[in-house]
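Worksheet: one structure, shown below.
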Number of protein chains: 2
Amino acid sequence: MSTLRVAVEPAPDQHLASAIREVGGSVVPLAQAQVLVWIGGPDGFPDLPDTVEWVALSTAGIERFVDAGVLDDKRLWTNASGFYSRGVAEHALALLLGGTRQIVRSAKTRWAKDAVDPAVRTLRGSTVAIVGAGGIGRELTPLLKACGATVLAVNRSGRPVDGADVTVASDRTDEALAQSDHVVLAAPDTPETRHMMNDRTLALLRPHSWIVNVARGPLIDEAALHRALTAGVIGGAALDVTDPEPPADDHPLYDLDNVVITPHVANPTGRLTQEMAPYLAENLRRYVAGEELLAVVTADRGY
Amino acid sequence: MSTLRVAVEPAPDQHLASAIREVGGSVVPLAQAQVLVWIGGPDGFPDLPDTVEWVALSTAGIERFVDAGVLDDKRLWTNASGFYSRGVAEHALALLLGGTRQIVRSAKTRWAKDAVDPAVRTLRGSTVAIVGAGGIGRELTPLLKACGATVLAVNRSGRPVDGADVTVASDRTDEALAQSDHVVLAAPDTPETRHMMNDRTLALLRPHSWIVNVARGPLIDEAALHRALTAGVIGGAALDVTDPEPPADDHPLYDLDNVVITPHVANPTGRLTQEMAPYLAENLRRYVAGEELLAVVTADRGY
């Protein structure tokens, strides 16, 4: 059997090259490749020779590739869904604690003890809902449990998430929100999840509730969020994603002391291929063995 | 045997009253008390009748009481050292993650992706030194371990801290700093620890290192810290305490994007008696049983 021939485009990468060699493959130009590992965005995506049987994209979400018409049905496509879950979960914990322990408000003010002291909350004994509890939720759950929180997982199927105290199906999201102190959004952007946090659902939360979004901006109706934050309906918002990105520089959310927006860095670009490498190695091994790949894209679901 | 008579001053408190009744005691005016639970600061501390055999102060540090000459040797004094460790540990984790995940810089800027993205670090695989690893260190260790960090504990004796990967005695602090990615200060303020973080010791850290202080402001030479932060010697500082407190409103540390100062809220005033209540109940039980109390003050050590 000939050597596995893998192209890495649009630029070489040492972490991925090591992963390819680790499974006995070799890095080749695209014209000779069976597999293309594409570590760019949709711009500049190449015309593919028919020899390419599988394209491995390096992003967890692939909306932009779908919108750009890059995907075809001539070959297998994978994304990196789940490959960055651990890091994203850590970022979600950082955003949540940054809110509840008033790190955010403190960064935006100067020794505002009268405002900060009574607003500090502990996760111990609190209930945190993870809405869209897949890979990120599985990684976030033990972190929240270590902090003494009760974890209420919400996912499509309602199939129990390891370690979560309770898992419910997404048709019971309202109920979950009403029982939670804080909410972490980790759901994909689909027609069903678009603006799932709106005036009505934000009102199910509490005046001390922080909402964390490490998923996709469109899950939140930002005008409704701004209303809820200024009216004291919820305690604050810690967002890694917005709609659109970047937000306007004079976006009103920036002016609030109970809001932080990290610039879509839960999975930082600079660490991407390093985090992806072990998963690529595993998928190449599966490809050679004829096993089912991780993170196969189902284009009609949009993720 | 007569009922245990406990005064709670300078104001009544439901959480502490419940704790007192829970052990069969009753809340009485100071003139009739064997025990005074004092939930204020040194100002307005009353003249004590000779009948008071034990004063339970509600703060973890008692420097201000010592300075005000409140303590005497006619009776037993306790503070609340250790009673708030769990909450302080959570705050330390929030400060550390707020730094390493660039929540702080993001709160102070607007979608500064070029600065934030390359600066985001993960605790997974990092080494965190806890300097002064007592009660807070014991509570912080499992939180850091859950995030995948290696914990290097430093304490006076070098006696192993449960769960820490390595514990060393404080005469090896330099060595610990040189091996760490980040540092959490949790040591008491003593002549030995004063300005322990200075130009020399800060230089032992790394350009990505965050320093967290949940202990006492004087542990850090703030002028040296400012120099280290602006010169890129370390990555950032997340402080719950300063020297003095509050800092001047135009303190130069406030101007840096890699600094956050929370206004001494790791143990928030509003939650103090609720957190203290179970420990008071335990100490009252020990008092009645003639056992050694928790958190007895040794005035000559100043804490």
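What you see is a predicted model; the values in this text were computed from it and never measured. Chain letters run A, B, ... following the sequence lines, proteins first, then strands; residues in each count from 1.
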Which bit of Arg271(A) is near chain B, if near means a heavy-atom gap under 4.5 Å: side chain, backbone, both or neither? side chain
Are the side chain of Asn79(A) and the backbone of Ile62(A) linked by a donor-acceptor contact shorter than 3.5 Å? no
Asp165(B) and Thr150(B): side chain donor to acceptor below 3.5 Å: no
Can a donor-acceptor pair be found, under 3.5 Å and without considering hydrogens, that links the side chain of Asp240(B) to the backbone of Ala266(B)? yes
Do Arg216(A) and Glu245(A) meet the salt-bridge criterion of a basic N to acidic O distance under 4.0 Å? no
With a 4.5 Å cut-off on heavy-atom pairs, point out which of Arg124(A), His251(A), Lys145(A), Gln102(A) contacts chain B the most. Arg124(A)
For each of Leu97(B), Asp117(B), Thr100(B), Leu96(B), tally heavy-atom pairs with chain A at distances under 4.5 Å, and name the one with the top tally. Asp117(B)
Tell me which of these, Cys147(B), Gly99(B), Ala89(B), Ala119(B), has more heavy-atom pairs under 4.5 Å with chain A than the rest. Cys147(B)
Taking every non-hydrogen pair under 4.5 Å, which of Glu139(A), Arg105(A), His264(A) racks up the most with chain B? His264(A)
Should we count CZ of Arg206(B) as having more than 12 external heavy atoms under 6.0 Å? yes
Would you mind telling me which of Asp255(B), Asp257(B), Val259(B) has the largest number of heavy-atom pairs within less than 4.5 Å of chain A? Asp255(B)
Salt bridge check: are Arg101(B) and Glu90(A) linked by an N-O gap of less than 4.0 Å? yes
Contact origin within Lys113(A) toward chain B - heavy atom pairs under 4.5 Å: both
Euclidean distance, Leu225(B) CG relative to Leu219(B) CG, rounded to 0.5 Å: 12.0 Å
Select, from Gly98(B), Gly270(B), Ala107(B), the one with the greatest count of heavy-atom pairs under 4.5 Å involving chain A. Ala107(B)
Can you say whether Leu123(A) sits under 4.5 Å from chain B via the side chain, the backbone, both, or neither, judging by heavy atoms? both
Donor-acceptor pair, distance only, cut-off 3.5 Å: does the side chain of Thr262(A) make one with the backbone of Ile103(B)? no
Checking heavy atoms, do the side chain of Pro118(A), its backbone, both or neither come under 4.5 Å from chain B? neither
Select one option (side chain, backbone, both, neither) describing which atoms of Arg121(B) are under 4.5 Å from chain A's heavy atoms. backbone
Between Val260(A) and chain B, with a heavy-atom cut-off of 4.5 Å, which part of the residue counts as in contact: side chain, backbone, both or neither? side chain
Top contributor to chain A interface from Asp249(B), Thr109(B), Val104(B) [non-hydrogen pairs under 4.5 Å]: Asp249(B)
Side chain from CB out, backbone as N, CA, C, O: work out which of these in Ala112(B) comes under 4.5 Å of a heavy atom of chain A, or both, or neither. backbone
Counting only N and O atoms by type, is there a donor-acceptor contact under 3.5 Å from the side chain of Asn213(A) to the main-chain atoms of Val241(A)? no
